[in-house]
There are 2 protein chains.
Amino acid sequence: MMKALVNKKTSEHRSETEISVNHQKLIDATIETIAKRGLADTTIAHVAKRAKVSQGYANFRFKSKDNLLISSLQYLSDEYKKSWQKIFEEKNIDPIDRIIRIVQNDFSSKIANRNKISVWIAFYSEVKFRPSYLTICQRQDEIYSQQMEKLVSEINNISNQKEFSPKEVSETYHSMVDGLWQRILFDPKIYTNEFCKNLVLKYFKSIYLNEDRFA
Amino acid sequence: MMKALVNKKTSEHRSETEISVNHQKLIDATIETIAKRGLADTTIAHVAKRAKVSQGYANFRFKSKDNLLISSLQYLSDEYKKSWQKIFEEKNIDPIDRIIRIVQNDFSSKIANRNKISVWIAFYSEVKFRPSYLTICQRQDEIYSQQMEKLVSEINNISNQKEFSPKEVSETYHSMVDGLWQRILFDPKIYTNEFCKNLVLKYFKSIYLNEDRFA
DNA sequence: TTTTGTATTGAATAATCATTCAATTTTTAT
DNA sequence: ATAAAAATTGAATGATTATTCAATACAAAA
């Protein structure tokens, strides 16, 4: 039985690109399988079949099932981090527009879609993976929160808003996002990304009453 | 080998109370086991051992493992519903005090503790149990939301607040609660029940600026 | 006490699944 | 073209675990 590499190159050394083909196929297949079947029913056999490689290979390639699973969480975490980091760094953009972009990003279809939310939730909810989840995500969460507080602080100054501290606003925002991501998973008819984004913007509106861009 | 019933009665027919002893012991053991080991590593053997009955009995008593698991979710759901229903029915209490009681209830140690939050999250996050979760919880969620909107509507009238609709406030509150329950699980040092309650009250403060009780 | 029915046990069964690895195919180097 | 190295397969293994059920313990009735 044969299995040809996609995008194979014929005249050089096997490159990282090539190695990454199966690697990424397996990561993608893992995310899809977790979303479709749940973590409990995600077997190496299912993932391998979806990725169109053999079961033995999937295990060999990632050393173990757990390592494959955690690698797919790491992938999502990296992807997410890149997306918000870019926005926080846009120093030439007005802070209010920047925070609106953060919200848009958190509810963009690339980030807040059912497959990916399934994976986040699967990992943080399973006791076995919670240590890995915290290792991978906690530090980034801290940085995100820190940047968020800085941004809120700037907006507070501009808007002369003193009642609500940057920490409070950031914590409230973050917990809303987590809650709404859940809801996108359960009831996507009602909780569309647009609906969630607008609800969060409305929260900011309640803090910054005279700022029209949040309305 | 023998196993005596606790609270056994000697001079009547076996009563519901007696039957319930093992029933409830198994439910409690299930909740503790899910919280401690996670849904994936919750075996009948673990639960039975913790409940101090035999493995065979646990299975026999609840027909199947899945039925035992779902019964423990049902138990939590009923308990939660009773607690908030009571508060919504306290019509003689001022609406603002009533909503404060709802918040207090949602972050009381009886409701929002790590064991019980673990179980909620375990069920809604596992694809296999999501249908059961929705069957058990969706209808109650709707009632809760409906009552919440009614309450917010009253408060809006009292406070002459028009900017934020009852639905928006209710949705925002609900998503914050879900998000904060998660955080209680991850980082209980920072996210104490008190901290979460105050954060939510501060949100209400942002809506009802001239209402001191939310501060 | 003896009988009868019910509760409970625990060991056996059968199914599932991660992991291993010898065999095969594919790629690279000569 | 051929050999050597690397990638990939898939079947076998061993561990885990839900479920079953015959055997036992217990309670109630006679």
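Lettering of chains follows the sequences in order, A, B, ..., and the numbering in each one begins at 1. For clarity, every value in this text was computed on a predicted model and none was experimentally measured.
Salt bridge status for A/Lys128 with A/Asp66: present, with a side-chain N to carboxylate O gap under 4.0 Å. Looking at B/Lys167 and B/Glu171, a side-chain N of the basic residue comes within less than 4.0 Å of a carboxylate O on the acidic one, giving a salt bridge.
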Worked check of side-chain hydrogen bond (donor to acceptor under 3.5 Å, both in side chains) between A/Asn59 and A/Gln55: CA-CA 7 Å; A/Asn59 203 83; A/Gln55 180 172 350; over 6 Å; no
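Rounded to a whole Å, the CZ atom of B/Arg61 is 19 Å from the C1' atom of D/dA18. Atom CG of B/Leu68 is separated from atom C1' of D/dT19 by 14 Å (rounded to the nearest Å). At whole-Å resolution of the value, CG in B/Asp66 and P in D/dT17 are 15 Å apart. Computed from coordinates, the B/Tyr57 OH to D/dT24 P distance equals 20 Å when rounded to whole Å. Across the protein-nucleic acid pair, B/Phe62 atom CZ and D/dT19 atom P stand 14 Å apart, rounded to whole Å. In this structure, B/Leu26 places its CG atom 13 Å from C1' of C/dA7, rounding to the nearest Å. Distance CG (B/Asp41) to C1' (D/dT17): 11 Å, rounded to an integer number of Å. Between B/Leu39 atom CG and D/dA18 atom P the separation is 11 Å, expressed in whole Å.
Counting heavy atoms from C-beta on, the side chains of A/Ile44 and A/Val47 never come closer than 4.5 Å.
Along DNA chain C, the nucleotide nearest to B/Phe60 and the one nearest to A/Ile44 differ in position, and the one closer to the 5' end is contacted by B/Phe60.
Residues that satisfy the ring pair (Phe, Tyr, Trp, His ring centres under 6.0 Å) test with B/His174, not counting sequence neighbours, are B/Tyr144. When the ring pair (Phe, Tyr, Trp, His ring centres under 6.0 Å) test is applied to A/Tyr203, no partner is found at least two apart in sequence or on another chain.
Nearest nucleotide to the side chain of A/Gln55, out of D/dT19, C/dT9, C/dT19: C/dT19.
Using a 4.0 Å cut-off, no side-chain N or O of A/Asn59 falls inside it from OP1 or OP2 of C/dA18. Distances shown here put every side-chain N or O of B/Asn22 at or beyond 4.0 Å from the OP1 or OP2 atom of C/dA7.
Each of B/Asp178, B/Val177, B/Leu180 was evaluated against A/Ser175; a single residue qualifies, B/Leu180, per the side chain to side chain contact (heavy atoms under 4.5 Å, CB included) test.
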Distances for protein N/O vs nucleotides 14-16 of chain D N/O pairs under 3.5 angstrom?
none

